[in-house]
Amino acid sequence: YEIPKRDWSSDVCSSDLKRRQRNLLDRVHELAGDPFVLPDFQSVDASGRTISHLVIDDFILDYWVDHAVRQIIISAAESVD
């Protein structure tokens, strides 16, 4: 699956924590290879879409999978310091 580049990546990459960045980006690439990875938890947004959340080191990655176009849409990658 493809992961379109969005604003979340510049937020993560502006941090000076290289090891955490690399681990987060590695997990994003793993997710592209297997979009059926079980998330740590899920929620439903205002439109009724299921949003998956993965906890990766000190980040929470929020995303949803659009199987019709084979894309993983990452809506946020937030540090939870």
Notebook entry, point to check: Are Y63 and I51 side-chain neighbours, meaning at least one heavy-atom pair lies under 4.5 Å?
Noted result: no

Margin query: Using every non-hydrogen atom in the two residues, find where L61 and A77 come nearest and quote the distance to one decimal.
Written below: CD1-CB, 4.0 Å

Item checked: Residue pair I72 / P35: nearest heavy atoms and the distance that separates them -> CD1-CB, 3.9 Å

Margin query: Which label fits F36 and H67: parallel for a plane angle under 30°, tilted from 30 to 60°, or perpendicular past 60°?
Written below: parallel

Reported [atom1]-to-[atom2] distance for the pair [X] and [Y], which is rounded to 0.5 angstrom:
X: D26; Y: L31; atom1: CG; atom2: CG; result: 12.5 Å
X: L25; Y: F59; atom1: CG; atom2: CZ; result: 9.0 Å
X: W64; Y: I73; atom1: CH2; atom2: CD1; result: 5.0 Å

Margin query: Test: salt bridge (Lys or Arg N to Asp or Glu O under 4.0 Å). Region: residues 60-76. Which pairs qualify, not counting sequence neighbours?
Written below: none

Checklist line | Sequence neighbours excluded, every pair satisfying salt bridge (Lys or Arg N to Asp or Glu O under 4.0 Å) that has a member inside residues 43-55 | finding: D45-R49

Next item on the list: Any chance you could pull the hydrophobic cluster mates of V55, using side-chain heavy atoms under 4.5 angstrom and chaining through other members?
Entry: F41, I60, V80

Which residues satisfy the side-chain contact (heavy atoms from CB on, under 4.5 Å) test with [X], sequence neighbours excluded?
X: H29; answer: none
X: D57; answer: R19, R20, N23
X: V44; answer: none

Margin query: My understanding is that only residues two or more places apart in sequence, or in another chain, count here; which of them pass salt bridge (Lys or Arg N to Asp or Glu O under 4.0 Å) with R27?
Written below: E30

Checklist line | Pairs touching residues 34-43 that satisfy side chain to side chain donor-acceptor pair (under 3.5 Å), sequence neighbours left out | finding: Q42-S52, S43-H53

